[in-house]
Engineer: 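I have a structure I would like to understand better, so I am pasting it below and will then ask my questions one at a time.
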Amino acid sequence: MQHTNTEMNMEACITCENKNCLIKKNSTNPLMEKFLAERHTVKCKKSQQFILEGAPVHGLFFVKKGQIKVVKTGIYGREQILRFAHDGEIIGHRGFGTRKQYPIGALAINETILCNFTNDVLQKMLHEVPDLTFDLMLFYSEELNRSETKVRKFAQMTVREKVIDAFLYIYRKFGQTEEGFFNIQLPRKDYADFAGTTEEQVIRTISSLKKENLLKSKGKKLGIVDTNLLKKEISEHNYFLDS
DNA sequence: GCATTAATTGGTC
DNA sequence: GACCAATTAATGC
């Protein structure tokens, strides 16, 4: 039996392993059928930027496989990393809706495969598939929550706490290998841009945490020795639950 | 091995 | 606690 391209395209979502992907989750819904065929696959090479800050919105991206960082350029070109994302997560959702331009940039940390739905397709999809719309609404709500806790963290935490918090975030999101190192490799600068401090402060925090046996490193690899011990360091803030 | 980039350390404001 | 400069380590070619 011969498959058409559209059939194969729809199949891609059904067989996709990203259970947490909103599209995947709703892919068995009959209402979704015609839209799944409209999915586009985008491949990114290491450190390739696929969303340019200020560029016209071209729909929503879902990470099929890979690691992404979402950035926003602040004043004087100072970069802020808003979040990291990997398999199954949504990118570019803040550009969706009435916005004409993306308020953020996004780039692949390493080789990445993305799924893209254009604005038109997405709008129709959301109008016609209530379950999907509901899921997306929940997602936006969580995002808002995370965003608010992040503001509090930035305002109330010390540099040391913010850096620790960043490590715990990376741990939660990417996990560690059996040897106890993060499943992602980031330069010091990225931790700084994410935690809202400078590269030097991150380096200094890392070396003192290593002395205290809370962190370990081997070559370029970084890892947490005991997450509970590290959580204790920021426990007064009680914010480590999300964001 | 050389050249470029990243990490580290010390110092100033 | 940020910014700058100097040194050293790591990595690409």
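Each chain gets a letter, A, B and so on, in the order its sequence line appears, and its residues count up from 1.
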Engineer: Does A:F134, at its CZ atom, have more than 12 non-hydrogen atoms belonging to other residues, nucleotides or ligands within less than 6.0 Å?
Structural biologist: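 12 or below, so no.
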
Engineer: With a 3.5 Å distance limit and no angle check, can you tell me whether A:Q67 reaches the backbone of A:A108 through a side-chain donor-acceptor pair?
Structural biologist: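 No; judged by distance alone, with no hydrogens or angles, the pair does not exist.
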
Engineer: Does any donor-acceptor pair link the side chain of A:E200 with the base of C:dC4 at a separation under 3.5 Å?
Structural biologist: yes

Engineer: At less than 4.0 Å, is any side-chain N or O atom of A:T197 found next to OP1 or OP2 of C:dA2? Yes or no.
Structural biologist: yes

Engineer: Measure the distance from CD on A:Q201 to P on C:dC4 and round it to the nearest whole Å.
Structural biologist: 14 Å

Engineer: What's the closest nucleotide to the A:K220 side chain, out of C:dT11, B:dA7, C:dC3?
Structural biologist: C:dT11

Engineer: Over how many whole Å does the gap from A:Q80 atom CD to C:dA2 atom P extend?
Structural biologist: 12 Å

Engineer: Please give, in whole Å, the distance from B:dA7 C1' to A:L215 CG?
Structural biologist: 15 Å

Engineer: Considering just the side-chain nitrogens and oxygens of A:R188, establish if one lies under 4.0 Å of OP1 or OP2 belonging to B:dT8.
Structural biologist: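 So the side-chain polar atoms of A:R188 do come within 4.0 Å of the phosphate oxygens OP1 or OP2 of B:dT8, strictly under.
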
Engineer: Decide salt bridge (charged side-chain N to carboxylate O under 4.0 Å, His left out) for A:E17 and A:K65; before the verdict, give the C-alpha distance in whole Å, the side-chain angles of both, and the deciding distance to 0.1 Å.
Structural biologist: CA-CA 10 Å; A:E17 291 173 11; A:K65 187 156 185 50; over 6 Å; no

Engineer: Write down the distance between OH (A:Y76) and P (C:dC3), rounded to a whole number of angstrom.
Structural biologist: 11 Å

Engineer: Report the distance from atom CG of A:L222 to atom C1' of C:dA10, rounded to the nearest whole Å.
Structural biologist: 15 Å

Engineer: Closest approach of A:V71 and A:E53, non-hydrogen atoms and distance?
Structural biologist: O-OE1, 4.3 Å

Engineer: Could you state the atom-to-atom distance from CD of A:Q185 to P of C:dT11 in whole Å?
Structural biologist: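 Going from CD in A:Q185 over to P in C:dT11 covers 9 Å.
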
Engineer: From the list C:dA2, B:dT9, B:dA7, which nucleotide is the closest neighbour of the side chain of A:E199?
Structural biologist: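 Selected nucleotide (nearest to the side chain): B:dA7.
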
Engineer: NZ of A:K221 versus P of C:dA10: gap in Å, rounded?
Structural biologist: 15 Å

Engineer: Are the side chains of A:V121 and A:R39 in contact, using a 4.5 Å heavy-atom criterion?
Structural biologist: no

Engineer: Just the rounded figure in Å: distance from C1' of C:dA6 to CD1 of A:I203.
Structural biologist: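 About 14 Å, once rounded to whole Å.
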
Engineer: Determine whether a donor-acceptor pair (one donor, one acceptor, N or O, separation below 3.5 Å) exists between the side chain of A:R204 and the base of B:dG10.
Structural biologist: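 Result: at least one qualifying N/O pair found.
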
